[in-house]
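Below is one structure, written out as structure tokens; comments come after it.
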Protein chains: 2
Amino acid sequence: MRGRPTTYDSDAVVLKAQEVFWEKGYSATSLQDLQTATQMGSGSLYNTFRGGKKELFSKALQQRREAFLAFKQEMKQHPAPIELIKDFFRSLAEADEHTHMKGCIVANTVTALAFVDNDLEAEAVGILKDVERMFTDTIREAQRSGTITNPADAAVLGRYLITCWNGLNVTRRMHPNKEKMKELIGIQLSILA
Amino acid sequence: MRGRPTTYDSDAVVLKAQEVFWEKGYSATSLQDLQTATQMGSGSLYNTFRGGKKELFSKALQQRREAFLAFKQEMKQHPAPIELIKDFFRSLAEADEHTHMKGCIVANTVTALAFVDNDLEAEAVGILKDVERMFTDTIREAQRSGTITNPADAAVLGRYLITCWNGLNVTRRMHPNKEKMKELIGIQLSILA
DNA sequence: CAATTTTTGTAATGATCATTACAAAAATAT
DNA sequence: ATATTTTTGTAATGATCATTACAAAAATTG
């Protein structure tokens, strides 16, 4: 018995929810907001995501995690992975104002939910740590190959890079401006040498 | 006619409110939370802060602004202000875990309220820009006196420093650990040379 | 002490919150 | 076609939301 088939594409629904969560954050997003964004009634919504708002947010976070894993895959077949990372940072400056104002949903979650929802906060921290690990591994390899001359511990430099990312996601809201962001990122990356 | 005098100290009340807001953020903090923390009933609370929750949060932000202005004053009579800034960063590493998890209420506000409350977000951005300006001015002076050898534009280095601050306030929640934070801050400051 | 002013505590307000209940609708399988 | 299964829309749930109304309490001033 198959029963009535779903008319909603779960991935697309999570993506719509992700957009709302990204802008307003977990606490300020109401189920009404989510129903409007996804065009789902509460019946379908709770039937699809029995965990309610929290499960939907978790799925949205995991969707960002997938995006990161895709980037990591792309990097594996690149001749100079560290250049891809640098380019990723530099491309940040080219974003439009709205993108600047949104920041990073993962970092947003870490700052907003530490004393509100431990599970979701831990999930977000986990993603950022994965990114940090990728930075560290890439830097270690670039040091071996001589692409990076800074001899500091790769783990510290990786932590430095994720901190650059975290910082940019606040500062870009203070200065959603291409030129200012470009200069800033240039200084940040200059440390790798 | 004087009328019945207030039994609540407004500054102390705002401080209590600030503590709750700092941990849970604007959206996730309920008036019930604020009444519990301040030991005020809704009658007194709305009599004292006619603007309700929003005015109370604004006052809490301004209280942080005052703390910053006090630091700036202290700096003025210091022989080497840039050293005070470096020490401020280095002292971050010594914080206890709970302090690490709280981060910075001003940066928290910028990330959480951009699409929720424009006024409060703008207020927070204003404070961060004031801090950035202080960084820039101090760096410019340190360059003149030769305390800092990095010849980059002081405005860019100031923007770099506020971005370090913003980044640390996320990363310290990933790694609320003295040793890791110490190494990280060391690398960040090494750029000033 | 009486008039006045302000604070305070309690109760009520209507709105919105996340979630559930449930029956009608729409599909499949026999 | 009928039984079965699942989705869907609507309505209702009780809780909590921020805020207001209001009268009693507590102070000052004359």
Side-chain angles (χ1 to χ4, degrees), chain A residues 1-14 16-61 109 112-113 115-121, chain B residues 1-14 16-61 109 112-113 115-121:
Chain A
M1 295 288 163
R2 208 87 292 245
R4 182 174 172 173
T6 320
T7 66
Y8 299 111
D9 173 25
S10 181
D11 274 1
V13 164
V14 172
K16 279 294 176 191
Q18 185 199 107
E19 290 170 12
V20 186
F21 280 134
W22 201 326
E23 290 193 357
K24 318 226 304 182
Y26 183 70
S27 299
T29 299
S30 69
L31 250 97
Q32 193 57 252
D33 292 331
L34 294 169
Q35 289 176 220
T36 304
T38 61
Q39 296 282 48
M40 279 174 105
S42 55
S44 305
L45 223 156
Y46 275 91
N47 184 58
T48 313
F49 308 99
R50 250 157 298 177
K53 189 182 172 181
K54 184 165 175 172
E55 181 186 342
L56 203 34
F57 190 86
S58 174
K59 290 253 162 71
L61 271 186
T109 301
L113 298 191
F115 295 90
V116 176
D117 190 301
N118 239 289
D119 303 326
L120 294 175
E121 197 252 354
Chain B
M1 295 287 167
R2 211 81 296 241
R4 178 175 176 175
T6 320
T7 66
Y8 298 111
D9 173 25
S10 181
D11 274 0
V13 164
V14 172
K16 279 293 177 193
Q18 185 198 109
E19 290 171 11
V20 186
F21 280 134
W22 200 328
E23 290 194 356
K24 317 224 306 179
Y26 183 70
S27 299
T29 299
S30 69
L31 250 97
Q32 192 57 252
D33 292 332
L34 294 169
Q35 291 181 44
T36 304
T38 61
Q39 295 282 46
M40 280 173 105
S42 55
S44 306
L45 222 156
Y46 276 90
N47 184 59
T48 313
F49 309 98
R50 251 158 296 178
K53 188 182 173 181
K54 185 166 174 171
E55 181 185 342
L56 203 34
F57 189 86
S58 174
K59 290 254 163 69
L61 272 186
T109 302
L113 298 191
F115 294 89
V116 176
D117 191 302
N118 239 290
D119 303 327
L120 295 174
E121 196 252 354

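To find a chain, count down the sequence lines: A is the first, B the second, and so on, and within it residues start at 1.
- Atom NZ of A/K16 sits in a sparse spot, with 12 or fewer heavy atoms from other residues, nucleotides or ligands closer than 6.0 Å.
- Scanning both residues, B/K53 and B/L34, for their nearest heavy atoms gives CG-CD1, 4.3 Å.
- Pairing partner, C/dT30: D/dA1, with both Watson-Crick or wobble hydrogen-bond distances short of 3.5 Å.
- Shown here are the salt bridge (Lys or Arg N to Asp or Glu O under 4.0 Å) partners of B/K59, two or more places apart in sequence or in another chain: B/E55.
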Kindly determine whether A/S30 and A/D33 satisfy side-chain hydrogen bond (donor to acceptor under 3.5 Å, both in side chains), including the steps that lead there. CA-CA 5 Å; A/S30 69; A/D33 292 331; 3.2 Å; yes
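- What separates CG of A/N47 from C1' of C/dA25 is a distance of 14 Å, to the nearest Å.
- In this entry C/dC22 has D/dG9 as its Watson-Crick or G-U wobble partner, both defining distances falling under 3.5 Å.
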Check: protein-nucleotides 16-20 of chain C nitrogen or oxygen pairs below 3.5 Å:
residue	atom	partner	partner atom	Å
C/dA18	OP1	A/T29	O	3.2
C/dA18	OP1	A/L31	N	3.3
C/dA18	OP1	A/K53	NZ	3.2
C/dA18	OP2	A/L31	N	2.6
C/dT19	OP2	A/Y46	OH	2.5
C/dT19	OP2	A/K53	N	3.3
C/dT19	O5'	A/Y46	OH	3.0
C/dT20	O4	A/S42	OG	3.0

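- Distance check, rounded to the nearest 0.5 Å: CG of B/L56 to CZ of B/F49 gives 5.0 Å.
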